[in-house]
Amino acid sequence: IGEGVPITNFLEITQGVTWGGEGCEAIFVINEDTASNLESQLVYKCIGGRDVTAWRIKWTGKYLLFPYIEVNGEWERAFKFSKHSMVQEYPLDDALDFENVIDSYEKTVKTQSLKKTVEREKILNHRITKNLIKFPLVATYLTKYYEILSQRTFEGKSLAEYKKAWYEYHRPRKPKIVKTKPRIVTPRLVKCPTFALDEDGYMPRDSVVVMLPSKNFLKLQVDLQKVLDRNVSTRDTLLYLLAFLNSDEFKTLLSRKISKKRGGYPIIDEKLLGRFCIPLPRSETKEIINNLIGLVAVSYTHLTLPTN
């Protein structure tokens with residue numbers, strides 16, 4: 001269709017969030033019943049690699065408990081004390097720090113030789129009563145799994161060595177991973193092109209790769225507008241890119257990267273995607289481009305277009 005450039009010129013590639021720790025998926029990935037009993041600010045509709053098909057996402061009703069809030073464009077622990085709200089007598093960094101005490105009541109609890117689960121429950125309820133816990137339902141839920149979550153290690157290091165609270169994720173990524181939409185997503189391990197448009201902003205788990213519009217994306221969008229002589233939305237531009245990502249050409253690239261590990265599945269990452277070039281729009285191919293975007297739009301809506 002025209003001159004080709006790496007698709008990574010227009011898309012920022014990032015992996016989904018990683019909580020880390022064996023057996024912890026069942027704690028953080030929850031169903032609707034569990035999600036409805038927790039504070040909604042810390043619960044997101046989420047997708048894993050199996051939820052992504054070519055062109056579209058087939059959400060399976062899973063939610064992710066994500067114990068962070070956004071502060072100035074970054075994630076911050078949901079139970080972190082801000083400077084103005086710290087308990088002055090016994091300043092803590094985090095409201096779910098059960099190793100340190102805030103007052104004489106908690107000192108007494110610590111001296112009663114209680115089971116650790118009972119001790120934590122008493123301290124948590126005390127702090128909830130004192131309005132020190134922003135999200136008491138989530139705090140209560142997570143504290144039930146304290147022993148499992150606090151013993152996690154990431155790449156040979158403990159949570160303390162990473163300076164993380166016991167309930168934190170290994171890699172929470174950046175807020176834009178869920179706030180930026182629409183965008184393109186794909187399973188991290190695939191043998192055939194399986195790229196889809198995400199217009200809902202699902203929270204991606206670590207088995208998903210997210211492709212967000214980058215700074216150069218706008219230039220491509222403007223170029224498409226000039227060629228097509230009409231308004232071209234972010235969605236249209238993503239559909240244009242999606243057409244090439246789910247093509248035979250990308251399937252050929254994948255076939256060259258078949259791994260002897262991971263069951264033969266190549267990893268979709270920035271390095272691989274950087275080897276895939278797409279044509280820039282040109283005026284003489286206006287009709288082709290228009291038809292291409294239209295076909296992908298139909299595919300996205302009705303799943304009628306073949307995946308290759």
Side-chain angles (χ1 to χ4, degrees), residues 1-14 47 51-58 180-188 190-202 204 208-258 266-308:
I1 295 179
E3 180 185 353
V5 296
I7 199 166
T8 48
N9 279 28
F10 310 110
L11 297 170
E12 178 185 343
I13 315 302
T14 185
I47 53 172
D51 296 313
V52 183
T53 65
W55 312 114
R56 292 181 64 184
I57 292 169
K58 294 183 177 180
T180 303
K181 56 184 180 181
R183 71 274 191 87
I184 293 173
V185 295
T186 179
R188 187 165 171 257
V190 293
K191 289 183 179 178
C192 292
T194 314
F195 294 87
L197 186 67
D198 176 11
E199 296 188 278
D200 296 303
Y202 293 101
V208 172
V209 170
V210 182
M211 306 166 71
L212 307 173
S214 66
K215 292 180 179 179
N216 289 330
F217 182 89
L218 182 58
K219 185 180 184 306
L220 176 62
Q221 187 173 341
V222 170
D223 288 345
L224 282 169
Q225 287 182 162
K226 290 178 179 177
V227 168
L228 298 179
D229 193 26
R230 64 174 175 83
N231 181 59
V232 173
S233 65
T234 297
R235 182 181 187 271
D236 289 336
T237 310
L238 288 171
L239 292 177
Y240 176 76
L241 296 175
L242 200 58
F244 299 103
L245 286 166
N246 278 336
S247 68
D248 279 336
E249 286 74 18
F250 194 84
K251 186 175 183 180
T252 299
L253 177 61
L254 283 177
S255 68
R256 295 172 183 161
K257 299 295 292 183
I258 295 298
I267 292 179
I268 302 294
D269 57 16
E270 188 169 7
K271 182 178 179 181
L272 176 64
L273 290 164
R275 297 178 56 194
F276 186 64
C277 292
I278 65 156
L280 294 176
R282 298 174 64 177
S283 56
E284 57 266 32
T285 56
K286 174 180 178 180
E287 186 176 350
I288 295 174
I289 295 171
N290 226 356
N291 290 338
L292 190 64
I293 293 174
L295 282 171
V296 177
V298 170
S299 170
Y300 170 68
T301 306
H302 302 293
L303 288 178
T304 57
L305 200 65
T307 58
N308 61 355

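- Between Asn246 and Val296, every side-chain heavy-atom pair lies at or beyond the 4.5 Å cut-off.
- In this structure, Asp200 contributes its side chain and Tyr202 its backbone to no donor-acceptor pair below 3.5 Å.
- Between atom CG of residue Leu241 and atom CZ of residue Phe10 there is a gap of 7.5 Å, rounded to the nearest 0.5 Å.
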Kindly list each side-chain donor-acceptor pair under 3.5 angstrom involving residues 217-224, sequence neighbours excluded, with atom names and distances?
| from | atom 1 | to | atom 2 | distance (Å) |
| --- | --- | --- | --- | --- |
| Lys219 | NZ | Asp223 | OD2 | 3.2 |
| Gln221 | NE2 | Val232 | O | 2.9 |

Exercise. Yes or no on side chain to side chain contact (heavy atoms under 4.5 Å, CB included) for Ile289 and Val227, after CA distance, side-chain angles and deciding distance?
Worked result: CA-CA 9 Å; Ile289 295 171; Val227 168; 4.2 Å; yes
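- Here the shortest heavy-atom pairing between Thr285 and Arg282 reads OG1-O, 2.8 Å.
- Contact record, Phe244 with Leu292: CZ-CD2, 3.8 Å, taken as the closest heavy-atom pair.
- Atoms CG and CG, on Leu238 and Leu197 in that order, are 6.0 Å from each other to the nearest 0.5 Å.
- Between Phe195 and Phe250, the gap from one ring centroid to the other is short of 6.0 Å.
- Using a distance-only test at 3.5 Å, with no hydrogens or angles considered, a donor-acceptor pair links the side chain of Thr237 to the main chain of Ser233.
- Using a 4.5 Å heavy-atom threshold, the side chains of Thr194 and Trp55 count as separate.
- Although no hydrogens or angles enter the test, the distance criterion places no donor-acceptor pair under 3.5 Å between the side chain of Asn9 and the main chain of Val5.
- For the atom pair Asp198 CG and Ile47 CD1, the distance stands at 5.5 Å (nearest 0.5 Å).
- Looking at Lys257 and Arg275, their side chains come closer than 4.5 Å, going by heavy atoms from C-beta outward.
- Between Leu254 and Pro193, the closest side-chain pair of non-hydrogen atoms falls below 4.5 Å.
- Put simply, the side chain of Thr234 reaches to within 4.5 Å of the side chain of Pro182, judged on heavy atoms.
- You'll find the side chain of Arg188 stays beyond 4.5 Å of the side chain of Ile268, heavy atoms only.
- Between the OG1 atom of Thr186 and the CD1 atom of Ile13 there is a distance of 10.0 Å, given to the nearest 0.5 Å.
- Between Leu245 and Ile7, the closest side-chain pair of non-hydrogen atoms falls below 4.5 Å.
- Of the possible polar contacts, none joining the Thr14 side chain to the Val210 backbone as a donor-acceptor pair under 3.5 Å is found.
- Looking at Ile278 and Phe276, their side chains come closer than 4.5 Å, going by heavy atoms from C-beta outward.
- Counting all heavy atoms, side chain and backbone alike, Ala196 lies closest to Val52 at CB-CG1, 3.8 Å.
- A distance of 9.5 Å separates CG in Asp51 from OG1 in Thr53, rounded to the nearest 0.5 Å.
- Taking both residues in full, the closest heavy atoms of Cys277 and Gly4 are given as CB-C, 4.2 Å, listed atom of the first, atom of the second, then distance.
- Taking each heavy atom of Arg183 and Pro204 in turn, the nearest pair found is NH2-CD, 4.2 Å.
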For this session: Quick one: do Asp236 and Arg230 satisfy salt bridge (Lys or Arg N to Asp or Glu O under 4.0 Å)? Show the steps, please.
Result: CA-CA 11 Å; Asp236 289 336; Arg230 64 174 175 83; 3.5 Å; yes
For this session: May I have the step-by-step check of side chain to side chain contact (heavy atoms under 4.5 Å, CB included) for Glu199 and Ile57, ending in yes or no?
Result: CA-CA 10 Å; Glu199 296 188 278; Ile57 292 169; over 6 Å; no
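- Atom-to-atom distance recorded for Glu270:CD and Glu12:CD is 8.5 Å, nearest 0.5 angstrom.
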